[in-house]
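Chain letters run A, B, ... following the sequence lines, proteins first and then strands; every chain starts at 1. Fair warning: this is a prediction, and the values are worked out from it, not measured in the lab.
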Amino acid sequence: MQPITAVRGFKDILPEETGKWQFIERQVREVFAAFGFREIRIPILEKTDLFKRGIGETTDIVEKEMYTFLDRGEEYLTLRPEATASVIRAYLEHSLYAADPVARLYTIGPMFRRERPQKGRFRQFHQIDVELLGLDDPRTDAEVMLMLIHFLKCVGLSEPALEINTLGCFDCRPAFRKAITGFLKGKEDQLCDDCRRRIHTNPLRVFDCKNERCAEVIHEAPRLIEYICDNCRDHFEQVQSSLNLFNLSFVINPLMVRGLDYYTKTAFEVTTQSLGAQNAIAGGGRYDGLVRDLGGPDIPGIGFAVGFERLVALLPADAASFHQNPELFIAALGPDAQKYAFPLCNRLRMKGIYTEMDYLGKSLKSQMKRADKLRCRHALIVGDRELSMGRLELRNMETGAQETIDLEGIEKIIEAYIKAR
RNA sequence: GUGGGUGUAGCUCAGUUGGUUAGAGUGCCGGGUUGUGGCCCCGGAGGUCGAGGGUUCAAUUCCCUUCACUCACCCCA
């Protein structure tokens, strides 16, 4: 009989790891709240058309990575491969723009892409997703990046490297697209198979190709910055000067393009060296046409996503610092002591004191070993002897100091003792 | 989708040039005298050597197939 295992590329996040996840989530809520962002929770299943229209039919994500199925023969549904399209869908469905012209939203949750798993890449993975809708001021581009970098520093990343670029808008991108398509057609024989196909589907993506020969060709190619309209150029310059206000270091990477079609103007990415090939820990950009493309009013937006697993991987290895140790272990010897310990243990827990005890009737030595292994700060020793004398032994597990305390009013004594530290 | 690497105890890994009861460290359980953890010492439990097939007197070891994991391409968070 085959044991049932998790689905390929889908991971369990074990208790040893969840402390880190909770730590990151706390930082998210704290930092984002100060920038005015509020949480939105959205379904992980959407109608397939949402992603086709939102992300772009010719993107890799939509072409070959989505988990799509026909629901009871009625309609095609897809496990979301990213969050932005869903957030915009909810934003439009509930007319959030009508209540407030500016929406600052974030959401945390699983995304699904059917890629070959490898280091830092899973089929179910989690993103922290941020969307700012209703403003096209270049200061908001800088603000969002500032918040991202600040957040990354708050979770302990020392030097997050920020790269930015501008992708142009609907006015100037067609001209560039025409230029690059013409250029690439002339060099078709020097390009890899994928890039030859991209000439017709999505020529901007050739910039991203890692193939050496393609990179050589692209080196000679016309640059977007040369075709960009005055409006976009001005916007990009203001983004940069706003970033400089915060001494936020960044590098302009004219070759950076994004894998989703909806991006316009500003695009950015945060990378790190220590994640292997999957070096992007966050990415995002402006998408001034997306809301309209999804059937809403002409509302601009900017956002980013952080790869949760990748962030966790960058945290310090000692998960212990994120794990809470018990304050007290009650070592009970014999049936009478057990009868006394069980309610005491749980009453202390209800007071918020993390308390452990033994349920296996083990020897004192064994129980002390367990108290040590669990890294309990104190051990309360309860035996018949103590109960008959009305006095219990309280041992400090770190110093080894042990004192006798009154059984009378024990809860208050322990509470005071523990809080005193 | 395409390549490479790896599958032996819960975990990290040795090992078998084909030969009887397959090892270590760690973790787990117990003990080192009567009721006290960490260090040390002793003992115990735990493995169909990923699965299926082939060669052979004999396969965990050699061959084939398959599956899983993993890294890289690709893509991206």
Practice item. Answer yes or no for this row: Phe125(A) ring on A77(B) base, centroids under 5.5 Å, planes under 30°. Key: yes
Review point. Between Glu143(A) and Arg139(A), does a salt bridge (charged side-chain N to carboxylate O under 4.0 Å, His left out) hold up when you go through it step by step?
Key: CA-CA 6 Å; Glu143(A) 185 173 298; Arg139(A) 285 177 299 177; over 6 Å; no
Round to a whole Å and report the spacing from [atom1] of [X] to [atom2] of [N].
| X | N | atom1 | atom2 | result |
| --- | --- | --- | --- | --- |
| Leu364(A) | U33(B) | CG | P | 15 Å |
| Gln278(A) | C74(B) | CD | C1' | 9 Å |
| Glu115(A) | A77(B) | CD | C1' | 10 Å |
| Arg123(A) | A77(B) | CZ | C1' | 17 Å |
| Gln367(A) | U36(B) | CD | C1' | 10 Å |
| Leu394(A) | G35(B) | CG | C1' | 17 Å |
| Glu16(A) | U12(B) | CD | C1' | 14 Å |
| Met66(A) | G1(B) | CE | C1' | 17 Å |

Watson-Crick or G-U counterpart of [N], or none if no pair lies under 3.5 Å:
| N | answer |
| --- | --- |
| A72(B) | U2(B) |
| U34(B) | none |
| G27(B) | none |
| G47(B) | none |

Check nucleotides 42-48 of chain B for protein N or O atoms closer than 3.5 Å to its own N or O atoms and list the pairs.
none

Check your understanding: With no angle test and no hydrogens, is the base of C71(B) tied to the side chain of Arg121(A) by a donor-acceptor pair under 3.5 Å?
Key -> no
Exercise for review: Spell out yes or no: do the side chain of Gln402(A) and the base of G37(B) have one donor N/O and one acceptor N/O closer than 3.5 Å?
Suggested key: no
Review point. Counting heavy atoms not belonging to Glu159(A), are there more than 12 under 6.0 Å from its CD?
Key: no
Review point. By side-chain hydrogen bond (donor to acceptor under 3.5 Å, both in side chains), which residues pair with Arg347(A), not counting sequence neighbours?
Key: Glu411(A)
Exercise for review: Report the nucleotide, chosen from G32(B), A77(B), C73(B), that has the shortest atom-to-atom distance to any side-chain atom of Lys365(A).
Suggested key: G32(B)
Exercise for review: Return the nearest nucleotide to the side chain of Asp372(A); candidates are A77(B), A72(B), G38(B).
Suggested key: G38(B)
Same-atom distance ([atom1]) from [N] to [M], integer angstrom:
| N | M | atom1 | value |
| --- | --- | --- | --- |
| G4(B) | C64(B) | P | 13 Å |
| G50(B) | G10(B) | P | 13 Å |
| U26(B) | U66(B) | P | 41 Å |
| G35(B) | G23(B) | P | 37 Å |
| A14(B) | C29(B) | C1' | 25 Å |

Taking atom types as modelled and ignoring hydrogens, do the side chains of [X] and [Y] form a donor-acceptor contact shorter than 3.5 angstrom?
| X | Y | value |
| --- | --- | --- |
| Thr264(A) | Tyr287(A) | no |
| Thr166(A) | Thr266(A) | no |
| Thr84(A) | Glu131(A) | yes |

Looking at [X], I'd like to know whether one of its side-chain N or O atoms comes within less than 4.0 Å of OP1 or OP2 on [N].
| X | N | answer |
| --- | --- | --- |
| Arg8(A) | C69(B) | yes |
| Lys11(A) | U70(B) | yes |
| Gln118(A) | A72(B) | yes |

Exercise for review: With Met397(A) as reference, evaluate His378(A), Met368(A), Gln402(A) under the side chain to side chain contact (heavy atoms under 4.5 Å, CB included) test and give the passing residue.
Suggested key: Met368(A)
Point to revise | Phe122(A) ring center within less than 6.0 Å of Phe10(A) ring center | key: no
Practice item. Would you please indicate yes or no on a ring centroid separation below 6.0 angstrom for Tyr106(A) and Phe32(A)? Key: yes
Polar-atom pairs under 3.5 Å, protein N or O versus N or O of nucleotides 25-30 of chain B: list them with distances, or write none.
| unit_1 | atom_1 | unit_2 | atom_2 | d |
| --- | --- | --- | --- | --- |
| C28(B) | OP1 | Lys373(A) | NZ | 3.3 |
| C29(B) | O3' | Lys362(A) | NZ | 3.3 |
| G30(B) | OP1 | Lys362(A) | NZ | 3.2 |
| G30(B) | OP1 | Ser366(A) | OG | 3.2 |
| G30(B) | OP2 | Ser366(A) | OG | 3.2 |

Practice item. On the 0 to 90° scale, with breaks at 30° and 60°, tag the His150(A)-Phe35(A) ring pair as parallel, tilted or perpendicular. Key: tilted
Review point. When you measure from the side chain of Asp49(A) to the backbone N and O of Lys52(A), does any donor-acceptor pair fall under 3.5 Å?
Key: no
